[in-house]
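Each remark here refers to the structure printed beneath this line.
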Amino acid sequence: MVNLQIIDDIVSSLSKLPGVGEKTATRYALWLVEHKKEAEKLYLSLKYMLDNVKLCSRCRCITTNKDGICDICKDTRRDSSILCVVENMENFLAIESSSVYNGTYYILGGLVSPLYGIDSYKLGLDYLIDRIITENIREVILVVSATLEGDLTTQYIKESLKDASVKITKIAFGIPVGTNISFVDKDTLIEAFKSRHAV
Ligand SMILES: [Zn+2]
């Protein structure tokens with residue numbers, strides 16, 4: 001009898017990836033068994049990622065820099081008085097590749113939940129608020145989805161900064177409700193940035 005435990009283990013790991021069900025995971029696992037060169041490349045990339053990639057200690061985007069601070073945060077040509085607060089890494093990548101923005105970032109990695117409330121540790125909100133105040137940020141641009149969660153997050157940030165002299169804006173215009181901005185085309189994103197409004 002063939003021992004398929006190893007396939008089960010790979011399927012079990014792959015099916016935890018977003019959007020991958022058990023059937024697709026099985027297809028991937030069997031494909032990898034048949035394509036060992038590709039499997040090895042994937043293994044080496046994952047190993048490198050595990051050993052070297054971390055989240056930037058200032059903005060939480062990924063970096064391989066030894067000091068844990070990413071190239072964007074270190075780049076003195078960027079306007080450090082503007083901070084773009086994004087919901088997730090995908091939105092961050094969409095904005096960066098559109099070249100519409102030249103300030104710095106903060107990646108929340110989630111939103112305030114109406115059911116579970118504020119997980120300020122997970123979202124790093126305390127650090128974010130502290131950073132905005134101590135670094136005299138003049139504008140905070142919020143890029144959060146037009147959902148209840150997005151509104152709650154906006155409210156929390158606005159409330160926490162009510163005594164600070166910082167302009168808080170949002171780029172909702174032109175982006176349909178509930179749309180992840182990684183699916184929005186570049187021109188719409190540029191337009192949305194240009195026509196951002198105070199919240
Ligand atoms: Zn950074």
Side-chain angles (χ1 to χ4, degrees), residues 17-18 44-113 118-145 147 149-150 152-161 164-172 175 179-186 188-190 192-194 196 198-199:
L17 296 172
L44 291 172
S45 302
L46 290 173
K47 174 92 179 84
Y48 182 83
M49 183 270 287
L50 288 169
D51 292 343
N52 299 287
V53 173
K54 41 192 161 295
L55 295 186
C56 171
S57 58
R58 282 176 56 74
C59 72
R60 311 213 294 186
C61 86
I62 57 172
T63 180
T64 54
N65 290 341
K66 293 252 177 306
D67 60 1
I69 298 175
C70 75
D71 292 338
I72 292 176
C73 286
K74 283 183 183 177
D75 189 346
T76 50
R77 289 162 304 179
R78 298 189 79 114
D79 185 350
S80 59
S81 71
I82 312 179
L83 185 70
C84 183
V85 176
V86 296
E87 189 174 326
N88 53 42
M89 198 87 70
E90 284 159 300
N91 288 359
F92 155 74
L93 289 173
I95 297 167
E96 257 314 274
S97 57
S98 75
S99 309
V100 63
Y101 175 70
N102 191 41
T104 56
Y105 291 93
Y106 186 78
I107 301 166
L108 289 168
L111 294 172
V112 173
S113 156
I118 300 148
D119 187 345
S120 68
Y121 176 75
K122 189 180 146 227
L123 302 181
L125 286 168
D126 298 339
Y127 169 75
L128 170 67
I129 301 299
D130 192 53
R131 195 182 144 188
I132 293 166
I133 294 169
T134 54
E135 291 179 17
N136 278 322
I137 304 284
R138 70 182 164 88
E139 182 179 354
V140 171
I141 305 170
L142 295 174
V143 181
V144 292
S145 43
T147 57
E149 287 85 352
L152 289 172
T153 309
T154 301
Q155 280 314 313
Y156 181 86
I157 292 172
K158 204 177 153 188
E159 188 59 29
S160 307
L161 291 168
S165 57
V166 55
K167 189 175 162 192
I168 305 172
T169 57
K170 210 169 184 176
I171 67 141
I175 295 181
T179 305
N180 187 320
I181 67 153
S182 9
F183 301 118
V184 169
D185 68 81
K186 192 178 162 181
T188 308
L189 193 56
I190 291 170
F193 254 88
K194 277 190 200 155
R196 60 186 186 266
V199 293

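Start at 1 and go down the list; that is how both ligands and their atoms are numbered. Remember, predicted model here, so these are calculated numbers, not experimental data.
Scored by the salt bridge (charged side-chain N to carboxylate O under 4.0 Å, His left out) test, E135 finds R58, R131 as partners (sequence neighbours excluded). Checked against salt bridge (charged side-chain N to carboxylate O under 4.0 Å, His left out), E149 has no partners two or more places apart in sequence or in another chain. With sequence neighbours excluded, the residues forming a ring-ring contact (aromatic ring centres under 6.0 Å, His included) with F92 are Y105, listed by chain and number.
The number of protein N/O/S atoms found under 2.8 Å from the Zn ion (ligand 1) is 4.
Counting only distance, with no hydrogens or angles, the side chain of N88 and the backbone of E90 share a donor-acceptor pair below 3.5 Å.
Between R138 and D79 there is a side-chain heavy-atom pair separated by less than 4.5 Å.
Dense packing is recorded around CD1 of I190, with more than 12 heavy atoms of other residues, nucleotides or ligands lying under 6.0 Å away.
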